[in-house]
Amino acid sequence: VQLQASGGGLVQAGDSLRLSCAASGRTFSVFVMGWFRQAPGKEREFVAALKSGDSPYVADSVKGRFTILRDNATSTKYLQMNNLKPEDTAVYYCALTLKLLSGSYAYYSSPARYNYWGQGTLVTVSS
């Protein structure tokens, strides 16, 4: 499976941005897709995840501002980011696992749970 992340850019505080993550290489119906971000000098941080057949789960740090949207016609998933803040500045990565080993979203908040990663897309939020 290959993941292609896109949609990053330079925006101002309060703006919205939608990141895309397109999967290719094989079809699948059972999955967990996660979004992570990494700011300079910091560890990779969990942002949100979506399990097949479930509603999105987002980290407390972005709750109420970010969510994951899905396009049912394709395998593309989106990270919708609203009311962006300068502290949201980071490289954003989408990740995928086809192994549904746990029903708990907390399990999927670790980067180690994912087998496939996109290349990352930079989001810069100016104040």
Side-chain angles (χ1 to χ4, degrees):
V1 178
Q2 294 80 44
L3 299 179
Q4 179 71 37
S6 62
L10 173 63
V11 297
Q12 293 186 331
D15 285 350
S16 297
L17 202 60
R18 180 177 292 185
L19 306 183
S20 301
C21 183
S24 62
R26 61 171 286 185
T27 59
F28 49 87
S29 58
V30 176
F31 66 91
V32 180
M33 176 170 281
W35 284 93
F36 292 80
R37 66 186 181 185
Q38 190 164 18
K42 294 189 176 181
E43 294 188 351
R44 194 163 295 191
E45 175 191 18
F46 171 77
V47 176
L50 175 67
K51 290 187 289 170
S52 48
D54 205 339
S55 299
Y57 173 80
V58 297
D60 288 343
S61 58
V62 300
K63 192 166 291 183
R65 300 188 298 121
F66 291 16
T67 191
I68 296 180
L69 305 176
R70 70 186 89 192
D71 181 345
N72 291 326
T74 71
S75 60
T76 300
K77 306 297 183 288
Y78 305 91
L79 180 67
Q80 177 66 42
M81 306 185 294
N82 300 323
N83 190 22
L84 282 160
K85 303 176 180 181
E87 52 263 42
D88 296 319
T89 294
V91 176
Y92 283 72
Y93 298 89
C94 61
L96 181 73
T97 179
L98 304 182
K99 298 180 180 179
L100 200 61
L101 300 179
S102 173
S104 169
Y105 266 122
Y107 179 86
Y108 296 104
S109 65
S110 167
R113 308 305 185 194
Y114 298 86
N115 307 107
Y116 307 101
W117 288 83
Q119 81 284 11
T121 183
L122 176 63
V123 174
T124 304
V125 185
S126 63
S127 58

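By convention here, the first residue in the shown sequence is residue 1. Everything numeric here is computed off the predicted structure, so don't read it as measured data.
- When every heavy atom of Ala39 is checked against every heavy atom of Thr89, the shortest pair comes out as CB-O, 3.7 Å.
- Pairs of residues two or more places apart, or lying in two chains, that qualify as salt bridge (Lys or Arg N to Asp or Glu O under 4.0 Å) and include a residue from residues 31-40 are Arg37-Glu45, Arg37-Asp88.
- Between the OG atom of Ser75 and the CZ atom of Phe28 there is a distance of 5.0 Å, given to the nearest 0.5 Å.
- Scanning all heavy atoms of the two residues, the minimum distance from Gln2 to Gly25 falls at OE1-CA, 3.7 Å.
- Under the rule for a salt bridge (Lys or Arg N to Asp or Glu O under 4.0 Å), Arg18 has no partner lying at least two apart in sequence or in another chain.
- Within the structure, salt bridge (Lys or Arg N to Asp or Glu O under 4.0 Å) pairs that include any residue of residues 115-127 do not occur (at least two apart or interchain).
- Listed by chain and number, the hydrophobic cluster partners of Tyr78 are Leu69, where partners are ILVMFWY side chains within reach of under 4.5 Å, directly or through others.
- Scored by the salt bridge (Lys or Arg N to Asp or Glu O under 4.0 Å) test, Lys63 finds Asp60 as partners (sequence neighbours excluded).
- Across all non-hydrogen atoms, the minimal contact from Ala49 to Val32 is CB-CG1, 4.4 Å.
- At least one side-chain heavy atom of Arg70 sits less than 4.5 Å from a side-chain heavy atom of Leu50.
- Residue pairs that meet the disulfide (SG to SG under 2.5 Å) test with at least one member in residues 24-86, sequence neighbours left out, do not exist here.
- Among all heavy-atom pairs drawn from Ala13 and Pro86, the shortest one is CB-CD, 4.1 Å.
- For residues 26-78, no residue pair satisfies the disulfide (SG to SG under 2.5 Å) rule, not counting sequence neighbours.
- If you take OG on Ser104 and OH on Tyr57, they are separated by 8.0 Å, rounding to the nearest 0.5 Å.
- The two residues Asn83 and Ser16 have their closest heavy-atom pair at N-OG, 4.2 Å.
- Lys85 places a side-chain heavy atom less than 4.5 Å from the side chain of Arg65.
- Listed by chain and number, the residues in a side chain to side chain donor-acceptor pair (under 3.5 Å) with Tyr93 amount to none (sequence neighbours excluded).
- When every heavy atom of Thr76 is checked against every heavy atom of Ser20, the shortest pair comes out as CG2-CB, 4.3 Å.
- Between Leu84 and Phe66, some side-chain heavy-atom pair lies under the 4.5 Å cut-off.
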Exercise. Evaluate the criterion side chain to side chain contact (heavy atoms under 4.5 Å, CB included) for residue pair Met81 and Trp35; output intermediate values, then yes/no.
Key: CA-CA 12 Å; Met81 306 185 294; Trp35 284 93; over 6 Å; no
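- Taking the salt bridge (Lys or Arg N to Asp or Glu O under 4.0 Å) definition, one finds that Asp54 meets it with Lys51, sequence neighbours left out.
- In the hydrophobic cluster analysis, where Ile, Leu, Val, Met, Phe, Trp and Tyr join through side-chain heavy atoms closer than 4.5 angstrom, Leu122 is grouped together with Tyr92.
- Among residue pairs with one or both ends in residues 105-123, those qualifying as side-chain hydrogen bond (donor to acceptor under 3.5 Å, both in side chains) are Thr97-Asn115; sequence neighbours excluded.
- The stretch residues 12-127 participates, sequence neighbours left out, in these disulfide (SG to SG under 2.5 Å) pairs: Cys21-Cys94.
- Looking at residues two or more places apart in sequence or on another chain, you find no salt bridge (Lys or Arg N to Asp or Glu O under 4.0 Å) involving Glu87.
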